[in-house]
Amino acid sequence: MLFVLSAPSGSGKSTIARRILQQFERLSFSVSATTRPRRPKESDGKDYFFLSREDFERRIADGGLVEWEEIYGNLYGTLKAEVDRVLAEDGHLLFDIDVKGALSIKELYGTQAVLIFIRPPSMDVLRERLVRRGTDSEDVIERRMQRAEWELAQSGAFDYEVINDDLARSVPEVAGIVLSHIQGSQE
Ligand code: ADP
Ligand code: 5GP
């Protein structure tokens with residue numbers, strides 16, 4: 001199964017993803033490629049494969065990406081080799097990708113893909129979280145907030161929607177969705 005978490009940046013999907021991954025043995029994180037600069041706490045090959053724009057564009061031309069998008073001036077994409085490797089081992093994947101990427105995964109993988117939309121409690125809370133995270137400049141936060149409006153309007157295309165007000169509630173809710181689909185796929 002392919003579990004896709006999508007949400008406006010700052011909604012808390014990476015935080016939720018980290019906690020969900022600890023709970024399921026056969027669930028791996030789909031490590032995307034990006035041209036965005038690495039944040040201090042991130043590591044190459046674990047959070048992202050950090051590539052130069054030239055290298056990324058070469059991989060697009062070679063057909064090495066399942067889907068890709070340009071977001072906030074950087075390229076982000078899912079590496080075909082990563083997805084194929086995990087699926088060949090009968091594992092499950094958890095994606096943390098944008099709304100357009102999620103819809104592309106659904107189109108490619110159909111019922112094998114489960115789309116989960118993570119909604120922030122409000123736009124004010126979303127801005128607060130982005131500021132508190134401290135990884136983006138004011139200008140970048142503004143761009144992320146503008147894109148958020150459009151992203152929130154796409155939630156109807158998702159299989160599930162989870163409001164991330166309190167992690168103590170949202171994490172078990174996402175875990176429950178993942179568990180039910182993993183169990184269903186084994187029947
Ligand atoms: P995303 O991956 O969606 O961009 P992050 O997981 O980086 O978002 O979360 C953005 C910020 O909000 C982080 O500082 C994170 O610790 C915080 N955060 C996430 N979920 C919650 C929550 N339910 N309540 C309060 N803060 C949260
Ligand atoms: P960030 O810079 O905060 O890590 O990510 C910015 C946005 O890019 C987030 O919405 C994130 O989910 C999305 N993203 C990360 N990897 C991919 C990917 O492989 N494909 C797509 N389409 N979006 C991605």
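In each ligand, atom 1 is the first atom listed, and ligand 1 is the first ligand listed.
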Run the salt-bridge test on D124 and R127 with the 4.0 Å N-O cut-off and return the result as yes or no.
no
Say whether I118 and ligand 1 are in contact under the criterion: heavy-atom distance to a ligand atom below 4.0 Å.
no
protein heavy-atom neighbour closest to atom 15 (C) of ligand 2 works out as Y48 OH, 3.2 Å
Would you say Y76 has any N or O atom under 3.5 Å from an N or O of ligand 2, going by distance alone?
yes
Honestly, for L130 the part within reach of ligand 1 (heavy atoms, under 4.0 Å) is neither
Does R133, backbone or side chain, put an N or O under 3.5 Å from an N or O of ligand 2?
no
With distance as the sole test, does S6 use its side chain to make a donor-acceptor pair with the main-chain N or O of I97 at under 3.5 Å?
yes
Nearest non-hydrogen protein atom, atom 16 (N) of ligand 2:
S32 OG, 3.2 Å
Counting both backbone and side chain atoms, is some N or O of G77 under 3.5 Å from an N or O of ligand 2?
yes
Of all the non-hydrogen atoms in the protein, which one sits nearest to atom 18 (N) of ligand 1, and at what distance?
R129 CD, 4.0 Å
For T15, take its heavy atoms, then give the atoms of ligand 1 lying under 4.0 Å from any of them.
5 (P), 6 (O), 9 (O), 15 (C), 19 (C)
Protein residue, atom and distance nearest to atom 7 (C) of ligand 2, heavy-atom basis:
I71 CD1, 4.1 Å
Note: R39, heavy atoms under 4.0 Å from ligand 2, region reported as side chain
Report yes if R132 has an N/O atom closer than 3.5 Å to an N/O atom of ligand 1; otherwise report no.
no
Going by distance only, is there an N or O of E69 that falls short of 3.5 Å from an N or O of ligand 2?
no
Going by heavy-atom distance to atom 10 (O) of ligand 2, choose the closest among E82, K13, R36, R147.
K13
Quick one, D55 with R58, criterion salt bridge (Lys or Arg N to Asp or Glu O under 4.0 Å). Give me CA distance, side-chain angles, the key distance, then yes/no.
CA-CA 5 Å; D55 192 0; R58 194 170 36 237; 3.5 Å; yes
Does R144 approach ligand 2 within less than 4.0 angstrom via side chain, backbone, both or neither, non-hydrogen atoms only?
side chain
For ligand 1, which is the ligand I care about here, please tell me if D96 has any N or O atom under 3.5 Å from one of the ligand's N or O atoms.
no
Tell me the contacting part of K100 for ligand 2: side chain, backbone, both, or neither, using a 4.0 Å heavy-atom threshold, strictly below.
neither
Which residue owns the protein heavy atom closest to atom 23 (N) of ligand 2, what's the atom, and how far is it?
D98 N, 3.1 Å
From S11, S9, S14 - option closest to atom 2 (O) of ligand 1 by heavy atom:
S14
Please determine if A7 has a nitrogen or oxygen closer than 3.5 Å to a nitrogen or oxygen of ligand 1.
no
So the salt bridge (Lys or Arg N to Asp or Glu O under 4.0 Å) pairs with at least one residue in residues 159-172 (sequence neighbours excluded) are K106-D159, R119-E161, D165-R169, R169-E173
Report yes or no: does a heavy atom of W68 sit under 4.0 Å from some atom of ligand 2?
no
From the options D96, I118, T34, select the one whose nearest heavy atom is closest to atom 11 (C) of ligand 2.
D96
Residue pairs passing the ring pair (Phe, Tyr, Trp, His ring centres under 6.0 Å) test where at least one lies in residues 118-176, sequence neighbours excluded:
F117-F158, Y160-H181
